Amino acid sequence: MLRFTMTVKGTEKIDFAISGLVEKIQDWSALWPRVVDLIGARIMRPQFASLGIRGGTPWGPYRHTYRPHAGSLHGTKVEGAPATLRDTDKLYQSLAAHNEYTVEEFQPLSMKFGTTAPGFQWQTMRRYPARPIFAFLPEDNRAIASMMTATARNYARRLGFKVLGQTGRDITGAEALAAGVEALNGGPGAELASAI
C-alpha cells in the first residue's frame, strides 16, 4: 500500500492510501509536476476565486485598514473589504501558477510544494488560520489517486510491451498490461522495470 501524505503547515494533514499496482512504482518524479498543476487548477484557483468558500471556511473581511510601509510587498487592505489575499497577487501566483516564490521539490517518492510569498507566513503562525488557503476535499484526494493509478497502469503497459515485444508477435494493450503487472510483481521481465 502506498501512503499519500501531505502536511500543510499549521493547518491540516491529508492522508490516504492507494494499494495495488501503484505501490510497485518507485519513481514518481515525472508525475509530480502534473500533481502540482492539478493542485493549482482544481484547488488553489477555485479557493481564491470563492474567497475560501470552496474549502468550507469563507474568508472573513479585513478587520483593520492596513497601509503598506516603505519597501513593503503588500498593497492596501481596507477594513471590512473582502479578504481576497490577492493585494499584490504574489501569493496567488506562487500557488496557482508559478513565480519566484513558488516552492517545488520533486524526489522519486516525495514532493514538496508551497510558497515563500510574503503574507503567507503570518497565516501559518496560528494553529488554524482565519483564511485557510490549502483546502483539500475528498474528491481532490480521489483525483490525485486516480492520476497516480492511471500513471501506474501506463507504466505497467509500457513495461509489458517491452517484455512481450521480444516475442515478435502483435500484442494487445490488455496483454501488455497483464505482462507488465506480472513483471512488476517479480515475474518474467522484472529486470526490465528499471529501464522504463
Side-chain angles (χ1 to χ4, degrees), residues 1-50 52 54-56 85-86 89-121 123-124 129 132-162 173 176-177 180-181 183-186 189-196:
M1 180 178 321
L2 175 76
R3 288 216 85 67
F4 187 89
T5 304
M6 182 178 294
T7 303
V8 180
K9 185 178 177 185
T11 55
E12 59 191 284
K13 183 176 179 177
I14 293 89
D15 188 0
F16 62 93
I18 310 171
S19 60
L21 186 58
V22 171
E23 64 189 302
K24 302 292 184 185
I25 309 299
Q26 294 301 305
D27 189 350
W28 292 96
S29 301
L31 178 70
W32 296 140
R34 291 180 39 218
V35 171
V36 168
D37 290 344
L38 180 137
I39 291 170
R42 186 182 177 112
I43 300 166
M44 295 292 106
R45 289 184 195 115
Q47 181 71 346
F48 275 88
S50 70
R54 182 219 184 255
L85 303 184
R86 293 188 65 175
D89 247 11
K90 290 181 185 339
L91 175 62
Y92 174 80
Q93 289 298 324
S94 71
L95 294 169
H98 291 87
N99 67 15
E100 68 271 23
Y101 300 109
T102 302
V103 174
E104 291 179 348
E105 294 175 19
F106 305 129
Q107 301 296 322
L109 293 174
S110 66
M111 68 171 246
K112 185 178 195 177
F113 169 71
T115 183
T116 59
F120 184 63
Q121 289 76 16
Q123 286 205 20
T124 60
I133 294 173
F134 287 90
F136 283 79
L137 303 175
E139 55 267 26
D140 301 324
N141 297 347
R142 285 191 293 274
I144 293 170
S146 176
M147 183 184 288
M148 294 179 83
T149 300
T151 299
R153 289 176 60 84
N154 288 337
Y155 178 86
R157 191 175 292 112
R158 284 195 323 270
L159 176 59
F161 276 118
K162 190 166 190 144
L177 178 60
V181 168
L184 286 171
N185 285 317
E191 69 282 355
L192 298 173
S194 62
I196 300 232

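All figures in this text were calculated on a predicted structure; none of them were measured in a lab.
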What pair of heavy atoms forms the shortest contact from [X] to [Y], and how long is it?
| X | Y | answer |
| --- | --- | --- |
| Tyr101 | Ser94 | CB-CB, 3.8 Å |
| Arg42 | Ala143 | NH1-CB, 3.6 Å |
| Ser29 | Pro33 | O-CD, 3.3 Å |
| Asn99 | Gln93 | ND2-CB, 3.4 Å |
| Gly55 | Ala135 | CA-CB, 3.4 Å |

Spacing of [X] atom [atom1] and [Y] atom [atom2] [to the nearest 0.5 Å]:
| X | Y | atom1 | atom2 | answer |
| --- | --- | --- | --- | --- |
| Gln47 | Phe136 | CD | CZ | 10.5 Å |
| Glu104 | Lys112 | CD | NZ | 12.5 Å |
| Thr149 | Ile144 | OG1 | CD1 | 11.5 Å |
| Phe134 | Ile39 | CZ | CD1 | 7.5 Å |
| Leu137 | Ile43 | CG | CD1 | 7.5 Å |
| Asp140 | Arg54 | CG | CZ | 4.0 Å |

Exercise. Does a salt bridge link Arg34 with Asp37, judged by any charged N lying under 4.0 Å from a carboxylate O?
Worked result: no
Problem set entry | Met148/Ile25 under side chain to side chain contact (heavy atoms under 4.5 Å, CB included): CA gap, chis, key distance, verdict | CA-CA 10 Å; Met148 294 179 83; Ile25 309 299; over 6 Å; no
Counting distance only, does the side-chain N/O of [X] pair as donor-acceptor with the main-chain N or O of [Y] below 3.5 Å?
| X | Y | result |
| --- | --- | --- |
| Trp28 | Ser110 | no |
| Ser146 | Arg142 | no |
| Arg86 | Tyr92 | no |
| Arg157 | Ala176 | no |

Can you find a heavy atom in the side chain of [X] that is under 4.5 Å from one in the side chain of [Y]?
| X | Y | value |
| --- | --- | --- |
| Met111 | Leu31 | no |
| Leu159 | Leu184 | yes |
| Thr115 | Ile133 | no |

Problem set entry | Contacts of type ring-ring contact (aromatic ring centres under 6.0 Å, His included), residue Phe113, not counting sequence neighbours |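 Applying ring-ring contact (aromatic ring centres under 6.0 Å, His included) to Phe113 gives none.
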Exercise. Take atom CZ in Arg153; do more than 12 heavy atoms of anything else shown fall under 6.0 Å from it?
Worked result: no
